[in-house]
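Shown next, in structure tokens, is the structure this report addresses.
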Protein chains: 2
Amino acid sequence: MANLETDLYSVKDKMYAAADCIIFGFDSGKLKLLIFRRRVEPLKGEWSLIGSFVRLEEDVTEAAKRVLKEITGLENVFMEQLKTYGKADRDPGFRCLSIAQYALIRIDEYDEELVEKHGAHWYNIDAVPGLVLDHNKMVQDALERLRQKARYQPIGLNLLPEKFTIPQLQQLYEVIYQKELDSRNFRKKLLSLKVLIKLDEKDKTNSRRGAFLYKFDYKTYHELEKIGYNFEIS
Amino acid sequence: MANLETDLYSVKDKMYAAADCIIFGFDSGKLKLLIFRRRVEPLKGEWSLIGSFVRLEEDVTEAAKRVLKEITGLENVFMEQLKTYGKADRDPGFRCLSIAQYALIRIDEYDEELVEKHGAHWYNIDAVPGLVLDHNKMVQDALERLRQKARYQPIGLNLLPEKFTIPQLQQLYEVIYQKELDSRNFRKKLLSLKVLIKLDEKDKTNSRRGAFLYKFDYKTYHELEKIGYNFEIS
DNA sequence: ATAATAAATGTAAAATGTACGTTAATTATA
DNA sequence: TATAATTAACGTACATTTTACATTTATTAT
């Protein structure tokens with residue numbers, strides 16, 4: 001794969017596959033996206049989703065994990081396939097499929113130095129600049145998927161620290177759904193689901209009184225899931 | 001692409017992409033799957049999802065439509081990407097990604113002759129034989145997606161004729177969800193959604209009395225959809 | 001005319017969702 | 001040391017939806 005650009009015959013004659021990652025984070029009440037400068041011609045240097053070619057001997061999933069680790073230092077992150085973008089003319093350089101995958105990371109955990117070194121940058125989701133190829137479309141699709149999926153599954157929690165407060169969680173849902181939620185009903189609904197473990201620690205960064213921290217009870221959740229239980233928040 | 005099997009160097013050195021279709025139908029109260037005999041080595045002649053290599057100059061979506069038309073004669077069918085199967089070793093012959101797409105067809109509309117000519121066959125979903133590679137897994141994943149998606153969107157209707165009765169629709173939901181539904185509550189819920197148009201024709205194939213035929217009001221539905229409406233049936 | 005059969009309608013209780021008002025805990029400050 | 005300010009937490013009444021179940025209706029084969 002090293003001489004992709006130089007071996008013109010093979011470039012035009014082959015099918016390539018890229019793994020592109022839509023990396024979401026949540027910070028200061030905002031949903032964010034991590035992007036970097038594209039590393040291959042054409043359009044080298046332009047803003048792009050973080051991605052890489054899938055190597056011949058490598059699983060698609062592995063390729064996505066590889067770049068994610070390379071840029072953020074993170075492993076074992078929530079990542080899920082979004083969809084494959086397969087228009088024949090989507091990339092002017094190659095015939096290249098992109099298998100897009102979205103990742104949800106805890107923004108306090110990534111390796112800042114590494115991110116900086118690769119020229120990557122976090123943008124507010126509503127201020128993402130123009131990206132190469134169909135990458136803006138991928139971001140839109142990923143957002144829609146996140147919204148859809150968050151309604152019935154507790155995936156949003158992957159964007160928060162392990163210990164979080166209910167007001168924090170509400171704020172997260174508010175940015176995902178892009179609408180305000182009633183804090184009293186939100187709390188009531190959430191607690192009725194019986195999958196939060198209340199700790200006796202408080203987070204006092206946002207109020208004098210402080211808000212209790214909670215952990216999500218994955219064990220119980222997965223058991224309930226089996227018997228057709230839905231983590232539904234609206 | 002014609003000499004894939006003969007040009008050994010390129011075969012081992014290239015990435016291929018296949019479009020595999022999970023084709024669902026609904027007939028006599030059963031959910032069915034259309035499969036055929038694989039046309040390429042290795043495993044030529046074994047039961048397989050209906051698929052084809054994606055040509056270099058062809059969109060992935062086009063490839064899927066192409067095979068679907070080739071085998072069933074159908075165009076303009078509901079089809080949606082399921083996911084891409086990208087394990088490096090999933091196909092012992094090539095490095096080949098499979099972009100799996102599921103289709104929902106009205107089983108009374110396909111071209112029987114064409115299907116027969118290609119050695120394709122409808123199997124009850126609970127009696128699908130062993131398929132090549134990871135195709136059985138694809139079927140399971142597609143089923144799960146269908147179940148998930150049918151809860152909130154009226155995609156099941158793509159499996160029924162344009163005119164259908166409420167008992168028919170209920171039967172469809174029952175096979176999709178694999179559970180019995182209360183007919184009184186089903187009807188009530190369905191009609192409350194205000195997206196069925198009652199015709200003044202009856203279908204008398206199942207009872208002396210006959211059941212009224214309905215059409216789905218896509219126009220109204222799509223308007224409601226915009227304002228955050230959910231076609232939720234459980 | 002009657003029996004048989006699936007279709008269609010109805011109703012009451014339980015559960016869930018919605019829209020609010022009130023109280024509690026904490027600390028900076030006066 | 002008391003008070004003000006602020007967010008967290010709890011509660012309640014009403015509306016809507018879901019659930020569980022019984023009855024009536026239209027049709028035709030006998």
Side-chain angles (χ1 to χ4, degrees), chain A residues 28-29 150-152 154 160-161 163-175 177-216 224 227-234, chain B residues 28-29 150-152 154 160-161 163-175 177-216 224 227-234:
Chain A
S28 332
R151 294 185 82 88
Y152 309 108
L160 291 179
K163 298 173 180 183
F164 53 87
T165 68
I166 292 185
Q168 262 170 42
L169 190 56
Q170 179 179 342
Q171 204 180 26
L172 173 64
Y173 273 95
E174 287 180 334
V175 292
Y177 295 161
Q178 309 209 265
K179 75 169 183 191
E180 299 211 331
L181 300 172
D182 182 282
S183 65
R184 293 155 292 188
N185 293 338
F186 180 82
R187 176 185 299 270
K188 197 187 340 170
K189 178 68 207 267
L190 201 65
L191 293 175
S192 78
L193 300 173
K194 304 277 184 210
V195 284
L196 293 191
I197 299 167
K198 186 175 186 174
L199 307 176
D200 39 41
E201 276 175 85
K202 280 188 167 183
D203 171 6
K204 296 201 172 168
T205 49
N206 289 303
S207 71
R208 308 200 201 296
R209 181 181 178 176
F212 277 103
L213 287 162
Y214 287 81
K215 281 204 303 191
F216 190 76
L224 290 168
I227 55 172
Y229 167 96
N230 255 5
F231 183 83
E232 188 170 346
I233 300 271
S234 51
Chain B
S28 332
R151 293 184 83 90
Y152 309 108
L160 290 180
K163 299 172 180 184
F164 52 86
T165 67
I166 292 184
Q168 261 172 39
L169 189 57
Q170 180 179 342
Q171 205 180 26
L172 173 65
Y173 273 95
E174 287 181 336
V175 293
Y177 296 160
Q178 308 208 268
K179 75 169 184 191
E180 299 212 331
L181 301 172
D182 182 283
S183 64
R184 295 155 292 191
N185 293 338
F186 180 81
R187 176 186 299 271
K188 198 190 336 174
K189 178 68 207 267
L190 201 64
L191 293 175
S192 78
L193 300 174
K194 304 277 181 209
V195 285
L196 293 191
I197 299 168
K198 187 175 187 175
L199 307 176
D200 40 40
E201 275 175 87
K202 280 187 166 183
D203 172 7
K204 297 201 170 167
T205 50
N206 288 304
S207 72
R208 306 201 203 295
R209 181 179 178 176
F212 277 104
L213 288 163
Y214 287 80
K215 282 203 304 191
F216 189 76
L224 291 167
I227 54 171
Y229 167 96
N230 253 6
F231 183 85
E232 188 169 348
I233 300 273
S234 50

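No hydrogens, no waters, no symmetry mates; every other heavy atom, side chains included, goes into these values. Each chain gets a letter, A, B and so on, in the order the sequences are listed, and its residues count up from 1.
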Give the ring-plane orientation class for A/Phe231 versus A/Tyr173, where under 30° counts as parallel, over 60° as perpendicular and anything between as tilted.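 Tilted, since the angle between the ring planes falls between 30° and 60°.
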Do any pairs count as a salt bridge (Lys or Arg N to Asp or Glu O under 4.0 Å) and have a residue in residues 182-202 of chain B, sequence neighbours left out, and if so which ones?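 Those involving residues 182-202 of chain B are B/Lys163-B/Glu201, B/Asp182-B/Arg184.
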Using a heavy-atom cut-off of 4.0 Å to chain B, what are the terminal contacting nucleotides of DNA chain C, in 5' to 3' order?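 Both ends considered, the range comes out as C/dA4 to C/dT11.
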Which residue lies more 5' along DNA chain D, comparing A/Lys198 with A/Asn206 via nearest heavy atoms: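 Of the two residues, A/Asn206 wins.
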Residues which pass side-chain hydrogen bond (donor to acceptor under 3.5 Å, both in side chains) with A/Tyr152, listed by chain and number, not counting sequence neighbours: B/Asn230
Quick one: list whatever passes side-chain hydrogen bond (donor to acceptor under 3.5 Å, both in side chains) with B/Glu232, sequence neighbours left out. none
How close or far is atom C1' of D/dA9 from atom CG of A/Leu213, stated in whole angstroms? 15 Å
Donor-acceptor under 3.5 Å (B/Glu180 side chain, B/Glu174 main chain): no
Which atom of [X] lies closest to which atom of [Y], heavy atoms considered:
X: B/Ser234; Y: B/Tyr177; answer: CA-CE1, 4.1 Å
X: B/Leu196; Y: B/Tyr214; answer: CB-CD2, 3.8 Å
X: B/Ile166; Y: B/Phe186; answer: O-CE2, 3.9 Å
X: B/Leu193; Y: B/Leu224; answer: O-CD1, 4.3 Å
X: B/Lys215; Y: B/Leu199; answer: CG-CD1, 3.9 Å

Give, ordered by number, those residues of residues 163-171 of chain A having at least one heavy-atom distance below 4.0 Å to an atom of DNA chain D; if nothing qualifies, reply none.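 Residues of residues 163-171 of chain A that come under 4.0 Å of DNA chain D are, in numerical order, A/Pro167.
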At under 4.0 Å between heavy atoms, which parts of nucleotides 17-30 of chain D does protein reach? Answer with one letter per nucleotide, 5' to 3': B base, S sugar-phosphate only, - none. -SBBBB--BBBBS-
